[in-house]
There are 2 protein chains.
Amino acid sequence: MHRPEHLKNAGLKSTLPRLKVLDLFENGKERHLSAEDVYKQLLGSGEDVGLATVYRVLTQFERAGLLVRHHFEGGKSVFELNKGEHHDHILCLQCGHVEEFHDKAIEARQEKVAGELGFAIRDHSLQLYADCTRKKCPHKP
Amino acid sequence: MHRPEHLKNAGLKSTLPRLKVLDLFENGKERHLSAEDVYKQLLGSGEDVGLATVYRVLTQFERAGLLVRHHFEGGKSVFELNKGEHHDHILCLQCGHVEEFHDKAIEARQEKVAGELGFAIRDHSLQLYADCTRKKCPHKP
DNA sequence: TTGCAAATAAGAACGATTATCATTTGCATA
DNA sequence: TATGCAAATGATAATCGTTCTTATTTGCAA
Ligand SMILES: [Mn+2]
Ligand SMILES: [Mn+2]
Ligand SMILES: [Zn+2]
Ligand SMILES: [Zn+2]
């Protein structure tokens with residue numbers, strides 16, 4: 001999917017740490033990763049990156065539009081590949097599972113409400129914290 | 001409005017720092033305050049409280065249901081008096097002004113979306129980051 | 001190849017928050 | 001009203017996620 005050229009196009013040198021981080025997001029198991037997640041996974045696969053580099057690269061990728069940053073509860077930033085289209089999240093309070101959704105009606109109402117109050121929305125953040133009932137949930141009720 | 005009895009009812013001793021903090025939320029200018037806001041305002045009015053106490057009291061009030069905590073962008077928790085009814089927020093990116101709103105349609109759609117995905121919502125967080133056009137905005141375009 | 005700006009790794013520094021602990025205080029009881 | 005003591009406080013250390021600093025390394029254009 002992504003290749004060294006993509007970094008170039010984003011105005012970023014194609015360096016080993018950057019390629020490794022990008023690869024994690026493209027080919028890794030989980031879609032939503034914190035800086036610590038990325039750092040530990042890289043260490044785990046024998047890669048030798050510094051934590052500071054991980055933070056720097058994540059921020060650069062965000063600025064370049066390759067990644068999107070979220071502020072879920074828990075105090076740490078979470079990143080994911082930028083799919084181009086906006087979506088919101090449901091987070092399972094038991095197992096941590098993250099589900100994505102997009103609801104046109106919600107998005108439209110947000111615009112309406114803001115407009116009526118004299119605001120022009122630039123960005124928004126919506127998270128639903130919930131209990132899931134999916135089969136694989138390790139905390140199934 | 002609130003009195004020492006309210007603290008008692010919440011299982012909290014009526015102490016000076018607690019009364020001062022509560023008073024700030026009830027009679028202060030601003031409705032949404034961070035721990036630092038509370039601390040500085042108390043210092044400013046000659047009260048001698050420790051920052052650690054402010055943090056402790058805010059958390060206790062939250063647990064007791066007197067305050068509600070929000071995680072707006074910016075990294076610090078923001079608290080407000082618990083009005084009993086849920087609402088969401090619009091935050092002006094220029095002047096920091098915070099507006100409250102409640103939209104039944106949005107709330108209903110959230111339930112619907114979650115239900116269809118096999119989730120039962122326990123809590124949610126919605127913030128609109130926007131540019132405001134109110135008269136008093138010090139950064140009016 | 002070489003040169004050099006850009007990127008890195010390690011660790012210090014940072015801001016928000018929590019933990020520790022000796023001292024003080026609210027308040028129930030005598 | 002005086003006393004006892006658990007609970008609360010305030011100073012400060014510690015923690016956690018993140019950013020900054022700086023000496024060293026690296027990508028890459030010439
Ligand atoms: Mn997502
Ligand atoms: Mn509010
Ligand atoms: Zn949305
Ligand atoms: Zn809501």
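Hydrogens, waters and symmetry mates play no part in the numbers below; they use all other heavy atoms, side chains included. Residue numbers begin at 1 in each chain, while the letters A, B, ... track the order of the sequences.
- The NZ atom of B:K76 sits 7 Å away from the P atom of C:dT17 (whole-angstrom rounding).
- With respect to the salt-bridge test (charged N to carboxylate O, under 4.0 angstrom), the residues B:E100 and B:R31 qualify.
- To the nearest angstrom, P of C:dA7 lies 15 Å from CG of A:L16.
- Closest approach of B:V49 to B:P17, counting heavy atoms only: CG1-CB, 4.1 Å.
- Regarding B:K20, its NZ atom lies at a distance of 16 Å from the C1' atom of C:dG26, rounded to whole Å.
- The stretch residues 27-40 of chain A has no heavy atom under 4.0 angstrom from DNA chain C at all.
- If you take CG of B:D48 and P of C:dT24, they are 13 Å apart, rounded to a whole angstrom.
- Within the 4.0 Å cut-off from OP1 or OP2 of C:dT17, at least one side-chain nitrogen or oxygen of B:Y55 is found.
- Between A:A52 and A:Q60, it is A:Q60 whose nearest contact on DNA chain C lies nearer the 5' terminus.
- Surrounding NZ of B:K29 are at most 12 heavy atoms belonging to other residues, nucleotides or ligands under 6.0 Å away.
- Taking only side-chain nitrogens and oxygens, A:T53 never comes nearer than 4.0 Å to OP1 or OP2 of C:dA7.
- Residue-environment remark: NZ (B:K104) stays at or below the threshold of 12 foreign heavy atoms within 6.0 Å.
- For the pair A:R18 (side chain) and A:V57 (backbone), a donor-acceptor distance under 3.5 Å is absent.
- Shown here for A:Y129 and A:E73, the closest heavy-atom pair between the two residues is OH-CG, 2.9 Å.
- One can place CZ of B:F79 at 14 Å from P of C:dA16, the figure rounded to the nearest angstrom.
- Judged by distance alone, with hydrogens and angles left aside, A:R56 brings a side-chain donor or acceptor within reach of the base of C:dA9, the pair sitting under 3.5 Å.
- The main-chain N or O of B:K20 is never found under 3.5 Å from a side-chain atom of B:D23 such that the two would form a donor-acceptor pair.
- Between B:H70 and B:H32, the angle of the ring planes lies from 30° to 60°, which puts this pair in the tilted group.
- Between chain B and DNA chain D, the heavy-atom contact criterion of under 4.0 Å yields a 5' to 3' nucleotide range of D:dA7 to D:dT12.
- Listed here is the closest heavy atom pair of A:Y39 and A:L51: CE1-N, 3.4 Å.
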